Amino acid sequence: MTLIDSRPGIRTCYQALAERTGARIDCDLVVTRLGPPLEDELANWFPADRVPAVAELYREMYPTHAVTGTLAMPGAREAVEAVRAAGGRAVVVTAKYEPNARLHLTHLGIPADAVVGDLWAERKAQALREHGASVYVGDHIGDVRGARTARAYSVAVATGPCDADELRAAGADVVLDDLTAFPAWLADHVAA
């Protein structure tokens with residue numbers, strides 16, 4: 001829940017997955033703990049030997065069930081514009097399956113200079129380094145760990161499953177209530 005609020009769409013997709021597989025899935029619970037890889041969540045609802053196949057099925061179903069139900073987070077477009085206005089590139093690094101992440105951004109009209117998916121926590125550091133990211137914005141302690149591993153400045157927004165105290169405790173350099181505060185923060189950061 002940094003640039004997009006995928007909870008409504010993901011909830012709908014999990015409901016469709018439950019119907020299709022006959023599994024009992026608490027879809028309301030699922031959307032309270034988004035961030036880690038899909039397979040981690042599926043392991044709560046399916047036997048380990050079925051998780052890879054169910055993950056593939058979920059990803060196939062996702063464009064039909066999840067994309068149009070997703071909303072832009074307040075300040076998302078303005079945050080991207082602020083990065084570009086400051087001379088930076090907007091690089092989205094996410095645990096989400098990359099083709100689906102691209103679908104979301106296109107559907108919501110949020111331009112990204114690059115999108116790298118399928119990376120979680122410390123593994124995000126590889127993409128952050130490759131793209132020369134000096135600042136990384138995220139909503140989860142895994143994002144903070146990724147930024148710290150990449151030696152990027154960690155800006156956390158308390159709009160996802162982790163609250164401000166958790167984000168600070170994980171080592172975020174700054175915690176914002178949401179992205180609407182990001183353009184002013186970035187202007188001050190660049191000026192300093």
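Remember, predicted model here, so these are calculated numbers, not experimental data. Only this structure's heavy atoms are used, side chains among them; waters, hydrogens and symmetry mates stay out.
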Determine whether a donor-acceptor pair (N or O, by modelled atom type, separation under 3.5 Å) exists between the side chain of [X] and the backbone of [Y].
| X | Y | result |
| --- | --- | --- |
| Ser6 | Thr70 | no |
| Arg145 | Ala170 | no |
| Asp113 | Ala90 | yes |
| Asp40 | Pro36 | no |
| Glu166 | Asp163 | yes |
| Asp139 | Met1 | yes |
| Asn44 | Glu41 | yes |
| Asp173 | Ser154 | yes |

For the residue pair Tyr62 / His104, report whether a side-chain donor-acceptor contact shorter than 3.5 Å exists.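 Side chains of His104 and Tyr62: pair found under 3.5 Å.
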
Distance-only side-chain donor-acceptor flag, Gln15 / Glu19, under 3.5 Å: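 On atom types as modelled, these side chains do not qualify, holding no pair under 3.5 Å.
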
Look at the side-chain heavy atoms of Ile, Leu, Val, Met, Phe, Trp and Tyr, link any pair under 4.5 Å apart, and say whether [X] and [Y] land in one connected group.
| X | Y | answer |
| --- | --- | --- |
| Ile10 | Leu103 | yes |
| Leu38 | Phe46 | yes |
| Met61 | Val54 | yes |
| Val80 | Val116 | no |
| Val175 | Trp185 | no |

[Y] and [X], any side-chain heavy atoms less than 4.5 Å apart:
| X | Y | result |
| --- | --- | --- |
| Val115 | Leu105 | yes |
| Val51 | Asp49 | no |
| Leu42 | Arg50 | no |

Just checking [X]: does its [atom1] atom have more than 12 heavy atoms from other residues, nucleotides or ligands closer to it than 6.0 angstrom?
| X | atom1 | value |
| --- | --- | --- |
| Glu56 | CD | no |
| Tyr153 | OH | yes |
| Asp28 | CG | yes |
| Arg20 | CZ | no |
| Arg84 | CZ | yes |

Kindly determine whether Lys96 and Asp118 satisfy salt bridge (Lys or Arg N to Asp or Glu O under 4.0 Å), including the steps that lead there. CA-CA 5 Å; Lys96 189 176 288 303; Asp118 305 302; over 6 Å; no

Begin from the C-alpha positions of Tyr136 and Val155 and carry the test side chain to side chain contact (heavy atoms under 4.5 Å, CB included) through to its verdict. CA-CA 6 Å; Tyr136 183 59; Val155 176; over 6 Å; no

Angle class for the Trp120/His140 ring planes (parallel below 30°, perpendicular above 60°, tilted otherwise)? perpendicular

Do Arg77 and Glu81 pass the salt bridge (Lys or Arg N to Asp or Glu O under 4.0 Å) test, and can you show the C-alpha distance, the side-chain angles, and the key distance before you say yes or no? CA-CA 6 Å; Arg77 290 177 191 88; Glu81 290 168 13; over 6 Å; no

Please test Asp143 against Ile141 for side chain to side chain contact (heavy atoms under 4.5 Å, CB included), starting from the C-alpha separation and ending with a verdict. CA-CA 5 Å; Asp143 296 323; Ile141 61 172; over 6 Å; no

Going through the checks in order, is the side chain to side chain contact (heavy atoms under 4.5 Å, CB included) test met by Asp165 and Arg168? CA-CA 5 Å; Asp165 291 336; Arg168 277 188 205 90; 3.4 Å; yes

Could you give the distance from CG (Leu176) to CG (Leu186), rounded to the nearest 0.5 Å?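 Here the interatomic distance stands at 10.5 Å.
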
Ring centroid separation for Tyr14 and Tyr58, is it under 6.0 angstrom? yes

Of Thr180, Asp5, Leu179, which is the lone residue that meets side-chain contact (heavy atoms from CB on, under 4.5 Å) with Pro74?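 Filter result, single survivor: Thr180.
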
Begin from the C-alpha positions of Leu3 and Met73 and carry the test side chain to side chain contact (heavy atoms under 4.5 Å, CB included) through to its verdict. CA-CA 5 Å; Leu3 290 173; Met73 291 298 288; 5.8 Å; no

